[in-house]
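Each remark here refers to the structure printed beneath this line.
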Amino acid sequence: MALVPCQVLRVAILLSYCSILCNYKAIEMPSHKTYGGSWKFLTFIDLVIQAVFFGICVLTDLSSLLTRGSGNQEQERQLKKLISLRDWILAVLAFPVGIFVVAVFWIIYAYDREMIYPKLLDNFIPGWLNHGMIPRRATARLYKHTTVLPFILIEMRTSHHEYPSRSSGLTAICTFSVGYILWVCWVHHVTGMWVYPFLEHIGPGARIIFFGSTTILMNFLYLLGEVLNSYIWDTQKSIEEEKEKPKLE
């Protein structure tokens, strides 16, 4: 039996994301007042995705609790739709986008933080907020770009999720990736500034290669989530089947 019910964990995670988003929006940052506001940044978009996902998880738990034993076929049908939506968001958005943000941010940050997260931002964003988006500056610039990973892995481990067909899932994540790339290019077209500083330092050809590589990485992360989900729950199923086998005398 789990030490903390998964339903309680989801509520706690949802509240943490809501707190992070409220604090992030309350910060007076120059970039918030420019074209596109916070929606220019994939980190912020990812936070919204994670909050929406866990909000749907909590709503699914509540609906399941309310419909349990009711025998109402319409309610059960609506619950199945809600569960399908929850699973689709995890597969197509919450897992691949969340892991992408954590991985790419820290890779570029380790190479040269000025290319992705200039020191100037330390004057606006507290360290603890950056991890969720740990309170000392040296580590906590680091919550919004960190906690997404353990939160989404906890969700995958505690609940089984049905993935969509591979073709439709990959089409959806490609659409999201290309849509965000076009949005970044549009912001540059309007303002003359790239959303991320490192894009200023590479040529047009390198940008095309980078954007193409990120789209491929998104597809890889989608497949990774699919494989990880299958591994976790196939293993769990095998363990349960072994336990149910009658023991030989």
Side-chain angles (χ1 to χ4, degrees), residues 2 4-18 20-21 42-70 72-103 147-180 215-241:
V4 181
C6 58
Q7 295 86 349
V8 175
L9 281 172
R10 291 187 186 115
V11 171
I13 292 171
L14 173 61
L15 291 175
S16 71
Y17 276 125
C18 290
I20 291 165
L21 283 168
L42 187 59
T43 298
F44 178 77
I45 294 172
D46 178 46
L47 286 175
V48 173
I49 289 171
Q50 302 299 329
V52 169
F53 169 68
F54 280 101
I56 292 174
C57 286
V58 171
L59 183 59
T60 302
D61 290 337
L62 289 174
S63 299
S64 180
L65 181 64
L66 293 174
T67 59
R68 185 177 299 166
S70 67
N72 189 312
Q73 292 185 348
E74 178 60 24
Q75 287 182 342
E76 290 179 359
R77 190 170 67 86
Q78 295 301 324
L79 177 59
K80 287 180 180 178
K81 286 184 178 180
L82 197 57
I83 291 172
S84 296
L85 176 62
R86 177 200 69 183
D87 293 349
W88 187 89
I89 293 177
L90 172 88
V92 172
L93 295 174
F95 183 87
V97 177
I99 303 304
F100 177 88
V101 166
V102 173
T147 53
V148 169
L149 178 58
F151 285 169
I152 205 68
L153 291 178
I154 288 170
E155 173 59 26
M156 291 191 78
R157 178 62 184 84
T158 55
S159 299
H160 178 258
H161 298 273
E162 291 289 340
Y163 265 62
S165 67
R166 184 167 293 179
S167 58
S168 64
L170 290 175
T171 298
I173 191 63
C174 280
T175 301
F176 175 85
S177 301
V178 173
Y180 181 69
T215 302
I216 293 171
L217 179 57
M218 281 285 202
N219 281 268
F220 171 77
L221 291 174
Y222 172 86
L223 296 174
L224 176 64
E226 183 181 58
V227 171
L228 183 61
N229 183 68
S230 297
Y231 173 77
I232 290 171
W233 291 100
D234 287 350
T235 303
Q236 183 68 19
K237 185 178 179 181
S238 299
I239 292 172
E240 290 175 357
E241 288 175 351

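Atom set for the values below is all heavy atoms of this structure, side chains included, hydrogens, waters and symmetry mates excluded.
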side-chain contact (heavy atoms from CB on, under 4.5 Å) partners of [X], counting only residues at least two apart:
{"X": "K80", "result": "none"}
{"X": "S177", "result": "I173, T215, M218"}
{"X": "S63", "result": "L59, L79, L82"}
{"X": "L14", "result": "C18, F54, V58"}

Working to the nearest 0.5 Å, report the span between [atom1] of [X] and [atom2] of [Y].
{"X": "Q78", "Y": "I83", "atom1": "CD", "atom2": "CD1", "answer": "12.0 Å"}
{"X": "L170", "Y": "L223", "atom1": "CG", "atom2": "CG", "answer": "5.0 Å"}
{"X": "L9", "Y": "Q7", "atom1": "CG", "atom2": "CD", "answer": "9.0 Å"}
{"X": "R86", "Y": "L90", "atom1": "CZ", "atom2": "CG", "answer": "8.5 Å"}
{"X": "I232", "Y": "M156", "atom1": "CD1", "atom2": "CE", "answer": "5.5 Å"}
{"X": "L153", "Y": "L149", "atom1": "CG", "atom2": "CG", "answer": "4.5 Å"}

Any salt bridge (Lys or Arg N to Asp or Glu O under 4.0 Å) involving residues 169-178? Give me the pairs, sequence neighbours left out, ordered by first then second residue.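 Those involving residues 169-178 do not exist here.
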Step by step, would you call F44 with L21 a side chain to side chain contact (heavy atoms under 4.5 Å, CB included)? CA-CA 8 Å; F44 178 77; L21 283 168; 3.7 Å; yes
Distance-minimising heavy-atom pair for [X] and [Y]:
{"X": "G169", "Y": "P164", "result": "CA-CG, 4.2 Å"}
{"X": "D87", "Y": "E162", "result": "OD2-N, 3.1 Å"}
{"X": "T175", "Y": "T171", "result": "OG1-O, 2.8 Å"}

So, do [X] and [Y] sit near enough that their side-chain heavy atoms are less than 4.5 Å apart?
{"X": "S16", "Y": "F151", "answer": "yes"}
{"X": "F95", "Y": "H161", "answer": "no"}
{"X": "F100", "Y": "L217", "answer": "yes"}

Assess whether side chain to side chain contact (heavy atoms under 4.5 Å, CB included) is satisfied between L93 and Q50, documenting all intermediate values. CA-CA 9 Å; L93 295 174; Q50 302 299 329; over 6 Å; no
V148 pairs by side-chain contact (heavy atoms from CB on, under 4.5 Å) with which of V101, V102, I49, V97?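 Single pass found, and it is V102.
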ring-ring contact (aromatic ring centres under 6.0 Å, His included) involving Y163 - partner list, sequence neighbours excluded: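 Result, ring-ring contact (aromatic ring centres under 6.0 Å, His included) vs Y163: Y222.
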